[in-house]
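Sequence positions, counted from 1, serve as the residue numbers for this chain. Here the structure is a predicted model, which means the values were calculated and not measured. Atoms within a ligand are numbered from 1 in the order they appear, just like the ligands themselves.
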Amino acid sequence: MPYDIDSVRAQFPILAEKVYGKSLVYLDNAATSQKPQCVIDAYDHVYRRVNANIHRGVHHLSNVCTTLYEDARQTVASFIGAADSSEVVFTRNTTESINLVAYAFGDKFVAPGDEVVVTVLEHHSNIVPWQLLCQRRGATLRVVDINDDGSLRLNQLADILSPKTRLVCAAHVSNVMGSVNDVHQIVSMAHSVGAAVLIDAAQSVPHFAVSVQDLNCDFLVFSGHKVYAPLGSGVLYARREWLDQMNPWMGGGEMIDKVSFAGTTFAPPPLKFEAGTPDYAAAIALAEAIRFVQSIGLDNIDLQDQKIAQQTIEGLEAIGGVRIFAKTARHAGAVSFLIDGVHPYDAGSILDKMGIAVRTGHHCAQPLMDRFGVTGTVRASFGVYTSEADIDALLNGVERVKKMFA
Ligand code: PLP
């Protein structure tokens with residue numbers, strides 16, 4: 001065991017909760033993660049001890065809070081290997097980060113006749129903002145398919161890419177399959193035709209180390225709430241050269257230099273993209289969540305995650321009559337499956353009564369469901385506290401569901 005799961009579990013108060021009188025087996029981490037005590041304490045500390053609006057005050061509390069918020073930005077920057085903390089914009093979540101890029105980058109750099117490329121396995125939040133952008137700008141959305149094993153058809157991407165391609169948007173890890181895309185390759189292919197690349201890292205950042213400089217991407221987005229931080233703590237990484245050229249997407253306080261009716265000038269990035277009072281308590285607690293995962297070690301988390309995924313897949317295969325979507329070379333954080341003859345909603349509801357929380361349905365990835373010809377799957381997704389006993393409980397539950405429908 002790469003680290004002591006029991007001592008990690010002990011740090012998450014919610015894991016002591018009973019569901020229908022049974023121990024909670026929480027396997028819905030791809031939707032949102034649970035919060036360790038240190039993160040709850042960091043959030044609590046803001047409201048109990050230091051709360052005051054940031055960046056505006058000359059008074060003590062405002063200065064303390066501003067320092068904590070800007071320190072959090074620095075913590076995020078080092079966590080994702082950004083060259084400078086000004087390349088980190090705080091948002092509410094992955095969805096807001098992607099929409100920010102669609103408006104602030106897309107409306108400026110995507111012209112009629114241009115193309116934006118996505119993949120068929122994206123979460124809706126990495127599809128719909130690009131559809132809306134293409135409608136606004138008279139551009140075309142192109143889609144890269146997958147092979148039946150869940151891997152991306154990179155040869156098809158090569159065919160699609162052209163001087164018309166402005167932007168390629170791809171998930172690092174599929175939220176449905178847990179498959180890991182070769183984003184290094186995607187970045188170098190896109191850059192070779194002069195296109196920028198956005199990586200949706202919502203499902204990679206919680207499971208293994210990610211470095212924006214190593215990936216050489218233009219944009220990278222993730223949600224704090226999936227990496228043990230509070231809701232409301234989203235991140236957009238963008239190369240400084242883009243942030244300097246992009247227009248603001250929302251106007252208001254905090255993001256200006258000088259306002260007059262003759263015209264307004266803007267603050268330098270990242271504040272140019274943070275209009276209004278940000279959720280500084282969530283951002284400050286995100287920094288604590290990052291220190292928490294770093295204290296376990298991303299490499300250790302990755303090893304344990306792979307072990308858990310393997311246990312899940314081998315166990316489901318041993319049960320038989322279970323289809324896995326899809327058997328990719330590697331599963332990071334999630335395994336999706338269907339039990340033959342059982343609707344995913346029924347399977348999820350029965351597992352729930354056993355205290356096992358899994359997600360059922362399309363997982364906000366309807367195009368991927370269409371690609372597989374199904375309406376939904378059952379998804380088990382993992383966190384740092386997922387134990388072998390959790391997976392044993394899941395497998396035992398699947399066997400019982402199967403017997404009920406036999
Ligand atoms: N992208 C991926 C890959 C996701 O898994 C999710 C959420 O599940 C999102 C984007 C959207 O995240 P949020 O709802 O936090 O904005």
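Scanning for salt bridge (Lys or Arg N to Asp or Glu O under 4.0 Å) contacts around D302 gives R330, with sequence neighbours left out. H124 is linked by a ring pair (Phe, Tyr, Trp, His ring centres under 6.0 Å) to H362, counting only residues two or more places apart in sequence or in another chain. K353 meets the salt bridge (Lys or Arg N to Asp or Glu O under 4.0 Å) test with no other residue; sequence neighbours excluded.
Under a 4.0 Å N-O distance rule, the pair E254/K272 does not qualify as a salt bridge. The pair R9-D4 fails the salt-bridge criterion, with no side-chain N (NZ, NE, NH1 or NH2) lying under 4.0 Å from an Asp/Glu carboxylate O.
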With the criterion set at N/O pairs under 3.5 Å, what does the list of contacts between the protein and ligand 1 look like, atom names and distances included?
residue, atom, partner, partner atom, Å
ligand 1, 1 (N), D200, OD1, 3.3
ligand 1, 1 (N), D200, OD2, 2.5
ligand 1, 5 (O), Q203, NE2, 2.6
ligand 1, 8 (O), K226, NZ, 2.6
ligand 1, 15 (O), S223, OG, 2.7
ligand 1, 15 (O), H225, NE2, 2.7
ligand 1, 16 (O), T94, N, 3.4
ligand 1, 16 (O), T95, N, 2.9
ligand 1, 16 (O), T95, OG1, 2.5

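Using a 30° and 60° split on the angle between ring planes, Y69 and F90 fall in the tilted class, from 30° to 60°.
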